[in-house]
Amino acid sequence: MNIASNEARCTSCHAGYGWKDKNFDFSNEEKVDCLVCHDQSLEYKKFPSGAGYPSKEDKYFEGQLFKKPDFNKSAQSVGLPGRHNCGACHFNGGGGDGVKHGDLDSSLIDPPYELDVHMSKDGGNFSCARCHTTVEHKIAGRCYKTPAFTDRKSVLDDDMVKRISCVSCHTETPHKEVKKLNDHTDKVSCQACHIPAFARKNPTKMYWDWSTGGKLKDGKPYVTMDEEMNRIKYMSKKGDFTWKKNVEPEYFWFNGSMEYTLLTDKIDPSDPPVKLNRVMGDMNDEKSRIYPFKVHKAKQPYDKKNNTMAAVHLFGNDKTSYWKNFHWGNAIQAAMDYMELPYSGEYDFIETEYHFPTTHMVAPAKNALSCKECHSRNGRLKKMAGFYMPGRDSFGFIDKTGFALIILSLCTVFVHGIIRIFSSSKKE
Amino acid sequence: MEKIYLYTRFERFWHWLQGLLIILLIITGFEIHSTYSILGFENAFKIHNYAAWTWLILFIFIIFWMSITGEWRQYIPTMKKIFDVMMYYAFYIFKGYPHPVPKSKRKKHNPLQRITYLAIVSFLIPYQIITGFLYYFYNELPKSMVIKDLSLLGALHTIGAFAFIVFLIIHVYMTTTGHTWTAHIKSMFTGWEEVDNPHEIEEWEVKKQAKAEK
């Protein structure tokens, strides 16, 4: 789904303080909201669809009160960003708690030790910026095509490393008890073993079916709840959701880079799911590791003739916005026109996949994956081919020959013994 | 029938410890190889490593003991009568004929045993130690080394393991071929072996030993 044509809603996070129209200059640094990151009064909140501005008076959004901020109080409280500041956007990406990332949700504002050893008060009590170090407001982290950590160095070796990774603080050989684990770190990422499951406290959205959107009750949009998860299950505006807790990640070779399917890229509708982003990496590449992912699945509209994904104009008080009018065709047309992209006028829905790397919610060491989670025939790495792993793989020919020889020698000694018994009894 | 003291205390100790270690290594090894799941991968892995290190130390002690006691001479290979021994196990044993090369204090092993044990001590065990070490230190191997793929080491080490199992089966069976079914096993516990007809050491056996003693 797209930001363009929905800016009023999306710019509450995606940088754009005071967004008004298409001509907003996203690169102007003065148009960045300082307080959202630096407020420490815990009261500064933006109105969700207020186009990047906080609201000027108290207003309600989906039944929740958003107070007009007390700018004086907020401005006096400015400090280094805390987890709740960063979380305002990063926990709520996609329009709600835990919608996008499986490892970033509001449970990390005050996580128990079991959930996150670093950010828990009982552990490191790290702020996000402890790991996401900043140089002149450029926050270190994976950023689209840039690989995450090309230099795996410990701060002990070089205290000017640009990007903090697990290795920066722990080195590549942190294991003292089971030394063999250190032999893994050249192939298996720390996260693969130390994040046994994501969304361990709050649920995360695993499936989003846009195609069922637009159902109305008495001519009005409605919402149903998933009681068990305490999350929305169906919403006329957005379709059906599936929420899950404690989800086992999927594993891929990852070198820190992703490739994205853009709205201008051709897709192959005969081979769903469409991978909206592709995890880059290869087992023969020294920089790649086996890395855990949340694979977010969805059913989204695409252009049937042009074979491209389709943008949708969701938000707005106008005649085409989907959330007002519930007409896919018009909403797609409006968004594509706005972005000056070709649209054939025919759409359908297609299954998609989006990969989110899992790197937060590091569990205590005692909860790390046990060997057999990977080293067994039906272990977590069952699907990863191309390399030999003890406990998972065997050798067809050698094993068959070996067992045949064992059986042959057993038979030989058995027959030999029988003949001996037989002949000695005959003698007596 | 006469009793002779054939196996010293240390000899019996290393024999049985070695046997125990081999069985442990086989059981845990094939679990690591994903053939079955009994102890769990981690336990299997740990026991396998402890057993392997223990055996390495024991093996060094055995070699040391052999060289200072001169017992290594018991393993000098000979082709003489080897054919007779083979024929005996293949045919004459069923007729109750006496063994062509009976045991005596200065020659514990018949020619067939000599060759088998020598081969195991000098080829199979070192082979398994080397492939095992390469496997264990696979990550530390210099990048330029030919062995880059763990599956090759896994395969070689597995082949060695099968060879041990086949040896073990035949070896255990052969212990029943004494003058009673359990005579050999008993002597491996007590050290005393009952020898059928205490007969002279033959010329060729002594000569070889005398030569070696020089």
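Sequence lines set the chain letters: A, B, ... in the order given, protein chains first and strands last, and positions in each chain run from 1. Only this structure's heavy atoms are used, side chains among them; waters, hydrogens and symmetry mates stay out. It should be emphasised that the depicted structure is a prediction, and the values quoted were computed from it without experimental measurement.
- Within a 6.0 Å sphere centred on CZ of Arg130(A), heavy atoms belonging to other residues, nucleotides or ligands number 12 at most.
- Looking at every heavy atom in both residues, Glu42(B) comes nearest to Val178(A) through OE2-CG2, 4.2 Å.
- Distance check: Ile406(A) CD1 to Ile169(B) CD1 gives 5.5 Å after rounding to the nearest 0.5 Å.
- Note: Arg377(A) leads Lys372(A), Lys187(A), Arg377(A) in heavy-atom pairs under 4.5 Å with chain B.
- Side-chain contact check for Ser423(A) versus Ile93(B): every heavy-atom pair is 4.5 Å or farther apart.
- Heavy-atom distances place the backbone of Arg392(A), and not its side chain, under 4.5 Å from chain B.
- Heavy atoms of Ile32(B) lying under 4.5 Å from chain A belong to its backbone as well as its side chain.
- Both the backbone and the side chain of Ser394(A) come within less than 4.5 Å of a heavy atom of chain B.
- For the residue pair Ser34(B) and Asp393(A), the shortest heavy atom distance occurs at OG-O, 3.3 Å.
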| field | Stepwise side chain to side chain contact (heavy atoms under 4.5 Å, CB included) test for Phe30(B) and Asp399(A) | value | CA-CA 10 Å; Phe30(B) 277 90; Asp399(A) 285 7; 5.6 Å; no

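- Heavy atoms of other residues, nucleotides or ligands lying less than 6.0 angstrom from OH of Tyr36(B) number more than 12.
- Ring centers of His416(A) and Phe94(B): under 6.0 Å apart, within the cut-off.
- Between the side chains of Arg420(A) and Thr177(B), no donor-acceptor pair is found at a separation under 3.5 Å.
- Listed for the Tyr173(B) side chain is a donor-acceptor partner under 3.5 Å among the backbone atoms of Gly417(A).
- Scanning all heavy atoms of the two residues, the minimum distance from Lys180(A) to Tyr136(B) falls at NZ-O, 2.7 Å.
- The six-membered or imidazole ring of Phe395(A) lies near that of His33(B), with a centre-to-centre distance under 6.0 Å.
- Contact count versus chain B (heavy atoms, under 4.5 Å) is highest, among Leu405(A), Val413(A), Asn182(A), Leu408(A), for Val413(A).
- Within the model, atoms OG1 of Thr176(B) and CD1 of Ile421(A) stand 9.0 Å from one another, a figure rounded to the nearest 0.5 Å.
- Atom CZ of Phe397(A) has 12 or fewer neighbouring heavy atoms from other residues, nucleotides or ligands inside a 6.0 Å radius.
- Between Phe41(B) and Cys371(A), the closest heavy-atom pair is CD2-CB, 3.5 Å.
- Counting heavy atoms of neighbouring residues, nucleotides and ligands inside a 6.0 Å radius, atom CH2 of Trp181(B) exceeds 12 of them.
- Around atom OH of Tyr7(B), more than 12 heavy atoms belonging to other residues, nucleotides or ligands sit under 6.0 Å away.
- Atom CZ of Phe10(B) has more than 12 heavy atoms from other residues, nucleotides or ligands within 6.0 Å.
- In this structure, the ring of Phe403(A) has its center less than 6.0 angstrom from the ring center of Phe162(B).
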